[in-house]
*Asks:* 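Here it is: the structure, laid out below.
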Amino acid sequence: MTYQIREQLNLGGSITQMESFPPIPEEHPRICKNTDQDTSICLTNCWRGYVGSWGIIDDKLYLNELSKCYQIVGSEPIF
């Protein structure tokens with residue numbers, strides 16, 4: 001089994017790695033496939049196809065950034 005790339009969590013300016021992999025809302029209008037990368041290539045260290053950067057705002061989990069096969073359009077975090 002290949003070690004999976006961890007998600008990042010920003011806790012008040014301190015970056016840590018998450019032990020779980022929250023699903024991204026793929027149907028969200030601001031999340032789209034990354035056209036800059038060949039999405040047919042599936043790396044064994046990231047079977048889910050994305051690496052997310054998350055943050056907690058007002059006790060709610062927000063998605064701040066995406067990389068690999070997906071990207072967020074705009075700069076506002078997604079709840």
Side-chain angles (χ1 to χ4, degrees):
M1 181 173 180
T2 305
Y3 178 81
Q4 296 295 292
I5 297 172
R6 301 280 178 141
E7 302 286 281
Q8 302 294 312
L9 179 63
N10 184 335
L11 290 172
S14 177
I15 306 297
T16 187
Q17 294 183 345
M18 297 174 70
E19 293 294 324
S20 64
F21 307 108
I24 59 171
E26 292 182 52
E27 302 302 320
H28 193 283
R30 291 186 40 228
I31 294 179
C32 61
K33 290 276 188 177
N34 190 348
T35 57
D36 295 336
Q37 184 173 355
D38 181 2
T39 57
S40 66
I41 298 172
C42 186
L43 302 174
T44 60
N45 67 351
C46 192
W47 287 114
R48 64 192 180 280
Y50 65 88
V51 176
S53 174
W54 304 80
I56 296 178
I57 303 169
D58 296 327
D59 295 326
K60 297 176 185 171
L61 185 64
Y62 284 84
L63 179 59
N64 296 323
E65 295 177 25
L66 279 174
S67 62
K68 300 289 183 206
C69 297
Y70 292 91
Q71 64 185 0
I72 296 176
V73 177
S75 60
E76 292 294 316
I78 296 174
F79 174 66

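It should be emphasised that the depicted structure is a prediction, and the values quoted were computed from it without experimental measurement.
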*Asks:* Locate the shortest heavy-atom distance separating V51 from C46; write the atom from each residue and the value.
*Replies:* CG2-SG, 3.9 Å
*Asks:* Kindly give the heavy-atom pair with the smallest separation between I78 and P25, and that separation in Å.
*Replies:* CG2-CG, 4.4 Å
*Asks:* Do any N or O atoms from the side chain of Q4 and from the backbone of W47 form a donor-acceptor pair under 3.5 angstrom?
*Replies:* yes
*Asks:* When rounded to the nearest 0.5 angstrom, what is the spacing between CE in M18 and OG in S53?
*Replies:* 10.0 Å
*Asks:* Is I31 reachable from W54 through a run of I, L, V, M, F, W or Y residues, each pair having side-chain heavy atoms under 4.5 Å apart?
*Replies:* yes
*Asks:* Can you measure from CD1 (I72) to CG (L63) and round to the nearest 0.5 angstrom?
*Replies:* 4.0 Å
*Asks:* Mind checking whether I5 and I24 sit in one hydrophobic cluster, side chains of I, L, V, M, F, W, Y counted as touching below 4.5 Å?
*Replies:* no
*Asks:* Taking the side chain from N34 and the backbone from K68, do they hold a donor-acceptor pair closer than 3.5 Å?
*Replies:* yes
*Asks:* Could you check whether the rings of Y70 and Y50 sit parallel, tilted or perpendicular, using 30° and 60° as the cut-offs?
*Replies:* perpendicular
*Asks:* Testing the basics here: between L66 and G52, what is the closest heavy-atom pair and its distance to 0.1 Å?
*Replies:* CD2-CA, 4.0 Å
*Asks:* Just how far is it from atom CG of N64 to atom CD1 of I57, taken to the nearest 0.5 Å?
*Replies:* 6.0 Å
*Asks:* Enter the distance from N10:CG to Y62:OH here, rounded to the nearest 0.5 Å.
*Replies:* 14.0 Å
*Asks:* E7 and side-chain contact (heavy atoms from CB on, under 4.5 Å): which partner among E19, R48, Q17?
*Replies:* R48
*Asks:* If you count heavy atoms of other groups shown closer than 6.0 angstrom to CD of E65, is the number above 12?
*Replies:* no
